[in-house]
Student: 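Have a look at the structure that comes next, please.
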Amino acid sequence: KLPHAVCTGNQYTHAEWTSSNLDHFQNAEASRHVAERIRAEASILITERNAKTVLTQNDVNGKLGDRVRDIRQWKDDLARETEKLEEEAEHLEEARRHLDYALSQSKRPLKVCQDCLSERENRVGIDQVKDAVEKNLKKEVENIHRYQHRMKILLEKVNRQLEELAARKSRLQNDVTLKDEAFTIDQKCFALHNESGDVNFHCGIERVEQSASVPLSWQEYSQANLRNSAFSRDVSEQIRSDVDTLISDAAKDMLICWTNTNKEFQERISETQETQGKLTSHIHLVERDILAMDTLIEQLRTAKAAKQAPMKVAQSRLKNRSHRPDIESCNDPPHNRLVDEVATINDTILLLEQKITEAEAARLDLVANKQRLENDVRVKSNSLAIDQQKCMTLRMSFPFNVRCSVTSKRVERRRFRLDLSED
């Protein structure tokens, strides 16, 4: 197509024609220079951008690889901490079982003490005494109650710590789950390349913000989980130490109180047996004296009866001599002596009767004392039956086991693995 319409006649001069051609030449030359420059620049741009694209992709690959390694390292650290936390939780759970077992075991010596106090309420009479045995039994009960209270408080603390360990474990496991998912995604991204079949355009995806965390906060999140878990483990270890110390102290202290009470029981039993022996000896002496008094009373009555014949003789003589006639009824020495004899016999009988009364009163007092002694012996026998046969039978051995026969699941698994390896 010509630049101008064809027309007839000479419209342009030769100079114009030449100028027009030169102009066209210059314009074409300028266009070729521009095109050549653009080709050169394009070639450089393509080379540079290809290199930059490759460099950028390689850099991304490197960073993705670093990220995958970082996530794997954190996963390993979190997994190790989780295992340590699980092991500590099992140890603490076992300590809780031991503490709960010790608390239940403490009820056994407590029941024995309470049974002993209840049995000793059946003592009678003068033996209802507030002795050293009762004092030690009450002290023992108070001591057991004090340790039970401490065990209950520590048991609540253990339960709270177990809940805290479970919460720490949950956070660690959640962190591991998130990192597993992120690890899978980043590992998939790291494996992608230009010839991968599952790549596609996602317009605008680069404008989606990833603002949940930054590298520092992402790292601090896991560090905080690890730090908090380690702290909880340290607290748990201290609590387990407190549990062991409390159980050991409780067992030792309760055993000391138990032994002291048994010692007081033995001393009280020995004292009661000694007193009972003395009472029995006194009963034998009193019985002997009662027999002696019976013999004496019989002798006194015999002596009194023996005075009847002399009294009859003396009174008969006086009676007979009272019949003497007239002047023969003389107050002579025989008469005076007979009167004295009668008076003497009457005095003797009176003295003998008084002595019989005294002897009978003394015998009654001996019998009363014998009855009191025999009753006291029965009281002592009852006390000995309570202290020696009932209480000490209950207290022959200290009914408190320090440890329960419970093995943790982790220990059982280890034993199972050892058995398999030996087979």
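Side chains are part of it too, since the values below use all heavy atoms of this structure and drop only hydrogens, waters and symmetry mates.
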Student: Less than 4.0 Å between a side-chain N and a carboxylate O, is that true for Asp249 and Arg150?
Tutor: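 Answer for the salt bridge query: no.
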Student: Applying side-chain contact (heavy atoms from CB on, under 4.5 Å), run through Thr18 and His14 and close with a yes or a no.
Tutor: CA-CA 6 Å; Thr18 303; His14 186 269; 3.3 Å; yes
Student: To the nearest 0.5 Å, how far apart are OG1 in Thr275 and CD1 in Ile126?
Tutor: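 Answer rounded to 0.5 Å: 11.5 Å.
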Student: Going through the checks in order, is the side chain to side chain donor-acceptor pair (under 3.5 Å) test met by Asn375 and Gln371?
Tutor: CA-CA 6 Å; Asn375 181 67; Gln371 291 175 346; over 6 Å; no
Student: Where is the tightest heavy-atom contact between Cys113 and Ile144, given as atom of each residue plus distance?
Tutor: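 In terms of heavy atoms, the two residues are closest at SG-CD1, 4.5 Å.
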Student: Under 4.0 Å between a side-chain nitrogen and a carboxylate oxygen: does that hold for Asp376 and Lys380?
Tutor: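 Result for this pair is yes, salt bridge flagged.
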Student: What do the steps show when you test Glu274 against Lys278 for salt bridge (charged side-chain N to carboxylate O under 4.0 Å, His left out), and what is the final call?
Tutor: CA-CA 6 Å; Glu274 182 180 357; Lys278 291 180 180 179; 3.6 Å; yes
Student: Of all the heavy-atom pairs spanning Trp74 and Leu226, show the shortest one and how long it is.
Tutor: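 In terms of heavy atoms, the two residues are closest at CZ3-CD1, 3.5 Å.
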Student: Does a side-chain N-to-carboxylate-O contact under 4.0 Å join Glu360 and Arg363?
Tutor: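 No, no charged N to carboxylate O under 4.0 Å.
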Student: Please report the shortest heavy-atom distance between Asn61 and Phe190, naming the atom on each side.
Tutor: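 In this case the closest contact between Asn61 and Phe190 is O-CE1, 3.1 Å.
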Student: By the definition side chain to side chain contact (heavy atoms under 4.5 Å, CB included), identify the one residue from Leu246, Leu103, Asn159 that meets it with Leu154.
Tutor: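 Answer after filtering Leu246, Leu103, Asn159: Leu246.
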Student: Taking only Lys NZ, Arg NE, NH1 and NH2, and the carboxylate oxygens of Asp or Glu, determine whether Arg97 and Asp100 approach each other closer than 4.0 Å.
Tutor: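 Asp100 and Arg97: not salt-bridged.
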Student: Does this structure show an ion pair linking Glu156 with Lys152, if we count only N-O contacts that are shorter than 4.0 Å?
Tutor: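 A salt bridge is absent here (no side-chain N lies under 4.0 Å from a carboxylate O).
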Student: Quick one: closest heavy-atom pair of Val112 and Pro399, and the distance?
Tutor: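 Of all heavy-atom pairs spanning Val112 and Pro399, the closest is CG2-CG, 4.3 Å.
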Student: Looking only at atom types and distance, does a side-chain atom of Ser20 sit under 3.5 Å from a main-chain N or O of Trp17, one as donor and one as acceptor?
Tutor: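 No: the side chain of Ser20 does not pair with the backbone of Trp17.
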Student: Short question: side chain of Thr393, backbone of Gln389 - any donor-acceptor pair under 3.5 Å?
Tutor: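 Yes; judged by distance alone, with no hydrogens or angles, the pair exists.
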Student: To the nearest 0.5 Å, tell me how far Met311 CE sits from Thr344 OG1.
Tutor: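 Separation between the atoms: 9.0 Å.
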Student: Do any N or O atoms from the side chain of Gln161 and from the backbone of Ser232 form a donor-acceptor pair under 3.5 angstrom?
Tutor: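 Between the backbone of Ser232 and the side chain of Gln161 there is a qualifying donor-acceptor contact (under 3.5 Å).
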Student: With the threshold set at 4.0 Å, does a side-chain nitrogen-carboxylate oxygen contact exist between Lys52 and Glu48?
Tutor: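 A salt bridge is absent here (no side-chain N lies under 4.0 Å from a carboxylate O).
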Student: Have a look at Ser222 and tell me which of Asp70, Asp77, Asp175 forms a side chain to side chain donor-acceptor pair (under 3.5 Å) with it.
Tutor: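 That would be Asp175.
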Student: Donor-acceptor pair, Asp59 side chain versus Leu55 backbone, under 3.5 Å?
Tutor: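 No, because the side chain of Asp59 does not come within donor-acceptor range (under 3.5 Å) of the backbone of Leu55.
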Student: Rounded to the nearest 0.5 Å, what's the gap from CD on Glu237 to CD1 on Ile239? Could you check?
Tutor: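 Rounded to the nearest 0.5 Å, the CD-CD1 separation comes to 11.0 Å.
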Student: Return the minimal non-hydrogen interatomic distance between Arg268 and Val133, and the atom names on each side.
Tutor: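 Minimum heavy-atom contact is CB-CG2, 3.6 Å.
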Student: Any chance you could lay out the salt bridge (charged side-chain N to carboxylate O under 4.0 Å, His left out) test for Lys139 and Glu264, step after step, and finish with the verdict?
Tutor: CA-CA 12 Å; Lys139 179 181 178 182; Glu264 293 297 337; over 6 Å; no
Student: Please check this pair: side chain of Arg120 against backbone of Ile386, looking for a donor-acceptor N/O pair closer than 3.5 Å.
Tutor: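 Here the side-chain-to-backbone pair does not exist.
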Student: Side chains of Asn369 and Arg372: is there a donor and an acceptor less than 3.5 Å apart?
Tutor: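 Arg372 and Asn369 do have a side-chain donor-acceptor pair below 3.5 Å.
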Student: Run Arg240 and Glu88 through salt bridge (charged side-chain N to carboxylate O under 4.0 Å, His left out) and show every step you take.
Tutor: CA-CA 10 Å; Arg240 286 195 292 113; Glu88 180 57 36; 2.8 Å; yes
Student: For the pair Glu163 and Arg160, evaluate salt bridge (charged side-chain N to carboxylate O under 4.0 Å, His left out) and give the outcome as yes or no after the intermediate values.
Tutor: CA-CA 5 Å; Glu163 292 176 358; Arg160 289 194 300 270; over 6 Å; no
Student: Measure from the side-chain N and O atoms of Ser31 to the backbone N and O of Asn27, and report whether any donor-acceptor pair falls under 3.5 Å.
Tutor: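 Looks like yes, one N/O pair under 3.5 Å.
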Student: Quick one: pull up CZ in Arg168 and CZ in Arg227 and give me the separation to the nearest 0.5 Å.
Tutor: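 Between Arg168 CZ and Arg227 CZ, I get 10.5 Å after rounding to 0.5 Å.
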